[in-house]
Amino acid sequence: MPRPAPDTIAFTVDGLEVNAPAGMMLADAAKLGDVEIPVFCYEPKLGEPVGACRMCLVEIEGIPKLQTACSTPVRDGMAVNTQTARVKEAQEAVLEFLLINHPLDCPVCDKGGECPLQDITYGWGPGRSRFIEPKRHFVKPLALSPLIAIDRERCILCYRCVRFSQEISEDYQLVLQERGADSYVSTFDGHPYVAPFSGNIIELCPVGALTSQPYRFRARPWDIEGSGSVCLGCPGQCNVEYTVRDERVLRVLSRQHDGVDDGWLCDRGRFGYQSFHVDERVTHPLVRVDGELIPVAWDRALDEAAAALGGAGSDSGALAGGKTTNEEGWLLQELFRGALGSPNVDSRADGMLPRELHAALHAPALQATVPDLEFAHAVLVLDCEPVDDQPSLDLRIRKGVRRNGVKLAVASSRPSSLDANAAAVVRYAPGAGEAFCAALNGALGESDAGPGSATRKGVVEELAEAAGADADAVRALAAVLADAGEDVVIVYGERLTHGARGEDAARALLNVCGRVAEAGHDGAGLLEVPAGTNGRGLREVGVLPNAAPGLAPVSPVGLASAELGASAAAGAISALYLLHVDPLRDLPGRATWRAALQRADHVIAHADFLSEGLWEYATIVFPAESYAEKEGTITHPDGRVQRLRPAIARPDAVRAEWNVIADLSKRLGHDVSVLSGAMASARVFEAIPFYAGLTLDELGGRGLRWPARPAAAGWPAADTGPFGLETPPHAPTPNGALRLGTFRSIWAAQEVEVAPALKFLRQRQRAELHPVDAERMGLAHGDRVTVGSNGSRVQATVVLRSGVPEGSVFLEAGIAEESASELDGGGLVEVSPQ
Amino acid sequence: MSWTPGDEMLVVQRASPPGAAGGTYRAFGETLRGLKTTMSRLVEGPKTISYPEEKVPVYPRFRGRHRLHRFEDTGLEKCVGCSLCAAACPADCIRVVAAENTPENRVSAGERYAAVYEINLARCIFCGYCEVACPFDAITMGHDYEMSAYNRTDLIFTKEMLLDEPLERTPLRGEGE
Ligand code: SF4
Ligand code: SF4
Ligand code: SF4
Ligand code: SF4
Ligand code: FES
């Protein structure tokens, strides 16, 4: 779907000649001539206008009746009047009518001061009410969900919230009940409106009918300041504005960026801010003395850390979690490579990819952007669940399908919430992404060359069987991609390239990409969903065991995270440095990591919360900044370097992390001469050839995609295929047992566990089973079971899902208790009732 | 650069100096004239008000220290914590932090109440805008003007202080006084 490039037309509004793109709605086009037309229901983000409120009536010469500016596209030579007596009368009438049933709640209403209804009444209203009859009454406020309060008396029935639920997030929960003056917004059967994106309706509502429960009555617009930054909750890196009062973040609003988030936020990002201010937060450096972590002064903690690291020398290793900024990552690898001579730094969860493959997968010529998803001919979602892994992508993909007819293909092991929108769906066995890519490549090859081509008959069947998938479904999916057009975007999860065979999977993926997307063609290519927020940036700044900043070669090559864990468990590593990561929680192989943390002499961590692994094993803990306190840069999966700006002061003894790492480096005799956050950024931009010449000023509030800058030529050249590949291994046959697949839900996050408003969403382990498997094992929905393999086991509650492929069970990873990472073994598990 | 006064020059006109007789009159006559006023007041007796034992009554519309009010019947606070007074205040000296009423803890008549209500009287300019802004007549300018303190922070009046009766009532000037 090529992007529309409309012509410019000229029209007059209030006698003023204005140029606007053809087809733009009058309400927007008038703004280009500095004429404001009041609107309530019109919100371009919601798609097609509905014309529900009639606030935007204007007079168009040649049309006898007044027209709604929000749903009338401008045409060349149109003459529009917004100031005539007729328009004025209509505006006053509409407002008077809206206010008939609107309570006089402004002083107690949370919207007061930032309320479009107040503003428009003030600006366009009649100024005096003639209505003396009683107004309609509803019980108020009601909890629409634990996060949202609804005051139905204030609702002006603009349909925005209902449209969001029906057409944007497509959770189909909100509806308008009853008719006429009795209409009200609710869920169909009154159950709470809990959905990943529910919070957006608070921002959409043009009155105080939908208000945020956590923000309720906390502040007025004149009590607060807005501070723009970027959310670090997931790789989506949505642009946000923090509402700050008295050095506390009270609310998070979207700072619309069409290249990143499209103006929506997920509820984790919107309400997770409460975790910045909870008592559990670590705000002092801690040192373990006699088995207890006790708060100490910075100097002592730094001295002890420096002594521990200095003593360990190259027998040390560092891991960086997704919330690490580029600056912190770069300083960390300086500390390890420069000061300690240890090559063991990693930011990936599992396994090492050769440098050339990193370079190939993210080559600027193959890089697709987020807006490309909206205008592509076809999108393949591969081995990821956008709503969990990068929620903002989910809405973007839905938008493309709904508005631009993008053909969607979904290939994953676990049923995806996008299945219903997809033109083709393939389920394959957990962990068989490589075999699936090979099968898809085969199927694409078949259709490329026509029947009887060089591709041996039956290859697709063989490969599909190895992937545990249906060959016909693979062919159907291949046909969708092949027939759609040249703009094909593949969205793949980083997990595809994890593990021992990640390298082969990456090559198989590049083969598929080579068949469907032409390198260097704008609007087509690959888009990774990294496992951590700044996964891409950390790899680019050299937090990889086999690559220095800028993906430059290093020697010797260090240990990747899993090897580092094994090596530490064997006693070969004396000091572990954990930057925003708790291996017990975030990494696979819990048992190994538990042994590793126990065995290492020193475990130095930066953390804002003492999760299990740190609470039990960390020897030195530095308090980490929350992401509203951070400064620095991060890199979006599509290459956009974005800037974080501190919104609030750091509490208590918390110090900037770049400062702590730079200080440690200095104590260990490697002075990186970084004295401020801006200097750290400048050093990063200097060190990385393809970031060359970036400045914080240039990044500004919207960031900049480096692959679109001339300096992108500094990206290492790499072979992007096609590659000859060995036959992928066969997915394990269940044979009575079940194949284990893991996933990390959107709610599996520390913020959710500590933020009071989100606690109700805290995840407990559930085993997702196909009803047939459950029946065979005599299990019912809600039963408690033990899932075990090789002696390790977790407790879970059975959830039946017909979309789960037979012979598989899905467990959640990344949660605090009973996480799936507890299970090791060859991908097969036993499920037994408790 | 030489300067020629030209038009800018002012010529001061002085009266001619008084002669000897005129000078003597000025020294004694004028003094006696002044003393006449002094003597006539002397017989009227002293007019000093011995503050603080005695106070000058204030006019009814005198804008003194603020008062917050309760409903007389229910005893609930009139203030709903809407912060409109804070928005109106030109000296930015009012701080309101609102909270939600619950059935167990009902403080005001509306949905919300002021959990914190502070006026920094060291900054207040007693303009009375807050009183005008309040949609519930919850805050009014009182008559008390005795607000000196040894410490600046003592001038931050809390909600409880503003709700309470003043320790001593400031006398009010009656009709026509
Ligand atoms: S929605 Fe707006 S107009 Fe209505 S009570 Fe609230 S602030 Fe006032
Ligand atoms: S609740 Fe708000 S957004 Fe929804 S229809 Fe009513 S006024 Fe519109
Ligand atoms: S009297 Fe004026 S300066 Fe004093 S608190 Fe009220 S509005 Fe502010
Ligand atoms: S005193 Fe009046 S204006 Fe001020 S917060 Fe209370 S109700 Fe609102
Ligand atoms: S804004 Fe045009 S009808 Fe509502």
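None of the values given here were measured: they were computed from a predicted structure. Protein chains get the first letters and strands the later ones, always in sequence-line order, with residue 1 at the start of each.
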Next on the checklist: Enumerate the side-chain hydrogen bond (donor to acceptor under 3.5 Å, both in side chains) contacts for residues 131-145 of chain A, please, sequence neighbours excluded, ordered by first and then second residue.
Outcome noted: A/Asp105-A/Lys140, A/His137-A/Glu153, A/Lys140-A/Asp151, A/Lys140-A/Glu153
Under 3.5 Å donor-acceptor pairs involving side-chain atoms of residues 114-129 of chain B, not counting sequence neighbours:
{"residue": "B/Asn120", "atom": "OD1", "partner": "B/Ala122", "partner atom": "N", "Å": "3.0"}
{"residue": "B/Arg123", "atom": "NH1", "partner": "B/Asp92", "partner atom": "O", "Å": "3.2"}

More than 12 heavy atoms of other groups within 6.0 Å of [X] [atom1]:
X        : atom1 : value
B/Asn105 : CG    : yes
A/Phe760 : CZ    : yes
A/Arg645 : CZ    : no
B/Glu53  : CD    : yes
B/Arg106 : CZ    : yes
A/Tyr159 : OH    : no
A/Glu225 : CD    : no

Checklist entry - Looking only at heavy atoms, what is the nearest atom pair of B/Glu100 and A/Pro141, with distance? => result OE2-CG, 4.3 Å
Next on the checklist: So if I take each residue of residues 70-91 of chain B and look for any heavy atom under 4.5 Å from a heavy atom in chain A, which residues do I end up with?
Outcome noted: B/Val80, B/Cys82, B/Ser83, B/Leu84, B/Ala86, B/Ala87
Checklist outcome for this item: Expected contact set for residues 26-46 of chain B against chain A at heavy-atom separation under 4.5 Å reads none
Checklist entry - Nearest 0.5 Å, what's the OG1-CD distance between A/Thr211 and B/Glu111? => result 8.0 Å
Checklist entry - Going by heavy atoms in the side chains, are A/Arg220 and B/Val96 under 4.5 Å from each other? => result no
Checklist outcome for this item: Honestly, the part of B/Tyr113 sitting under 4.5 Å from a heavy atom of chain A is neither
